[in-house]
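Down below is the structure, laid out as structure tokens.
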2 protein chains.
Amino acid sequence: MPAEAKVNAKVNKVAKVEARAAAPASAPLTERQEARRRRILHASAQLASRGGFDAVQMREVAESSQVALGTLYRYFPSKIHLLVATMQDQLEHMHGTLRKKPPQGETAAERVAETLMRAFRALQREPHLADAMVRALTFADRSVSPEVDQVSRQTTAIILDAMGQENPTPEQLSAVRVIEHTWHSALITWLSGRASIAQVKIDIETVCRLIDLTAPDARK
Amino acid sequence: MPAEAKVNAKVNKVAKVEARAAAPASAPLTERQEARRRRILHASAQLASRGGFDAVQMREVAESSQVALGTLYRYFPSKIHLLVATMQDQLEHMHGTLRKKPPQGETAAERVAETLMRAFRALQREPHLADAMVRALTFADRSVSPEVDQVSRQTTAIILDAMGQENPTPEQLSAVRVIEHTWHSALITWLSGRASIAQVKIDIETVCRLIDLTAPDARK
DNA sequence: ATCAAGTCTGAAACTTGTTCTAGATTAGCG
DNA sequence: CGCTAATCTAGAACAAGTTTCAGACTTGAT
């Protein structure tokens, strides 16, 4: 029964992934391994930049990064894992870049909106890459949860940074989660051509109002 | 070049789909065709209910609905199209059901949250089906835009119904869009096991506050 | 330096979405 | 009714993600 076979395969995959994710320091990669990993992520981002999700073909990634297909799958157990890892990589860059020039807005809401719009403009420069990463992120199933969660934490960190809020209240954390939801979904609608850039901007600004609404000193 | 071949294929597909979507009345299906379409959607929902996105295999759908594979593809040009159509179908049901018992909340925000939570509970009864539909929806690319847009309009209608707002302001429409974003994205996080039911509830309630914030008579 | 364990490679095989083809069936029309 | 175009069917073929395997190469420990 093929369906059953696939299910078993997935179970195995999950186990493997969790083993690695649970103890990232337990498998200290050698230099050459680190280099391989880098080459793979680079090839992935390159192919994605060219043609989006569909253009990232595992065989091509393997070839571009000078690695056997089996090895590619050892490093990243699925195409989705690979693209989510690519996103993690890009997000780190982004966070570093954003840190350098903190947003200037008066209110926390303004600063968050400004930061997200800056990130959005960065994504617009590589729309195909954005497509690949965001599609992978929202298509990911449970087997990729740890990695997707990591991306989510990183995004949260960026937003909290912009808020300049050291100890957010639970209410504020809810607002931040909602902002992230809006951010991802708005990106999707933009990428699939159902919303304009202007509309994304409005949506971001709209949702950011929630921040002021939940500010500890501005309780209604 | 295989990539190019695929691109061309997609272009063709888009053209075909638009032709049908642009003039739904231009192709009045015969009775048997209508029956076939129904059988296909039914099989799709059935398989999805059983095992989610992965369990909806085109060959199986074709077999279950007593239709040749080529015919299935004539009716629904891709698996994503099929699942989005399945979602349209389910949404209509849902809208009908929700209409029967209007929400009881005092404020518009409460009523919308109540309605969405009711829909959420319905989805919880068939989590695999929800998985298949929502994943398809967010994974859909430009070639499915018309259909996805239709789903979006239907969702908007449900929310506006709950608000009891005949003539929403542009500001309110923004709020509704943000609510939809949050709705979809929160569902995804729940389906992939990264958020609990309680968390989804909080997020929905949080985002619904935007409605009161943008109510025409409650401008701050 | 040597051995065992783990890793990498190249290639083939398998799965499932998608396309294609040749022939049978059906629908609509004169 | 009889024709023609459209539709449907069965089945092969193809594309890309994923798995598997045998053999070559590295690594780390003794």
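Here is how names work: the chains are called A, B, and so on, in the same order as the sequence lines, proteins then strands, and each is numbered from 1.
Counting non-hydrogen atoms under 4.0 angstrom, B/E31 reaches nothing in the nucleic acid. Using a 4.0 Å heavy-atom distance criterion, A/E63 is classed as making no nucleic acid contact. At the heavy-atom level, B/V56 lies under 4.0 Å from the strands shown only through sugar-phosphate atoms.
Of the candidates C/dT9, D/dG17, D/dT9, D/dG17 carries the atom nearest the A/R59 side chain, counting heavy atoms from C-beta on. With D/dG28, D/dT18, C/dA27 as the choices, the nucleotide that has an atom nearest any side-chain atom of A/M58 turns out to be D/dT18.
Following rounding to the nearest Å, B/K79 (NZ) and D/dA16 (C1') show an atom-to-atom distance of 14 Å. In this structure, CZ of B/R37 is placed 13 Å from P of D/dC8, rounded to the nearest angstrom. Across the protein-nucleic acid pair, A/Q57 atom CD and C/dT16 atom P stand 19 Å apart, rounded to whole Å. In this structure, B/Y73 places its OH atom 6 Å from P of C/dG17, rounding to the nearest Å. Separating the CG atom of B/L72 from the P atom of C/dG17 is a distance of 10 Å, rounded to the nearest angstrom. At whole-Å resolution of the value, CZ in A/F76 and P in C/dT7 are 15 Å apart. Between B/E34 atom CD and C/dA27 atom C1' the separation is 17 Å, expressed in whole Å. Atom CZ of A/R74 is separated from atom C1' of C/dC8 by 8 Å (rounded to the nearest Å).
Note on B/D89 versus B/R38: salt bridge recorded, some NZ/NE/NH1/NH2 to OD/OE distance being below 4.0 Å. Remark: B/E114 engages B/R118 in a salt bridge, criterion side-chain N to carboxylate O under 4.0 Å.
Atom CD of B/E63 has 12 or fewer heavy atoms from other residues, nucleotides or ligands within 6.0 Å.
Taking CZ of B/R39 as the reference point, atom CZ of B/R32 lies at 8.5 Å (rounded to 0.5 Å).
Residues B/F53 and A/F139 place their aromatic rings such that the two centres sit under 6.0 Å apart.
For the 3.5 Å distance criterion, the side chains of B/S185 and A/E180 fail to qualify, holding no donor opposite an acceptor.
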Distances for protein N or O near nucleotides 20-26 of chain C N or O, under 3.5 Å:
residue, atom, partner, partner atom, Å
C/dT26, O3', B/R32, NH1, 3.4

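In this model, the phosphate group of C/dC8 is approached by a side-chain N or O of A/Q33 to a distance below 4.0 Å at OP1 or OP2. Phosphate contact (OP1/OP2 of D/dT7, side-chain N/O of B/Y75, threshold under 4.0 Å): absent.
Without hydrogens or angle criteria, B/K79 side chain to B/V56 main chain gives a donor-acceptor distance under 3.5 Å.
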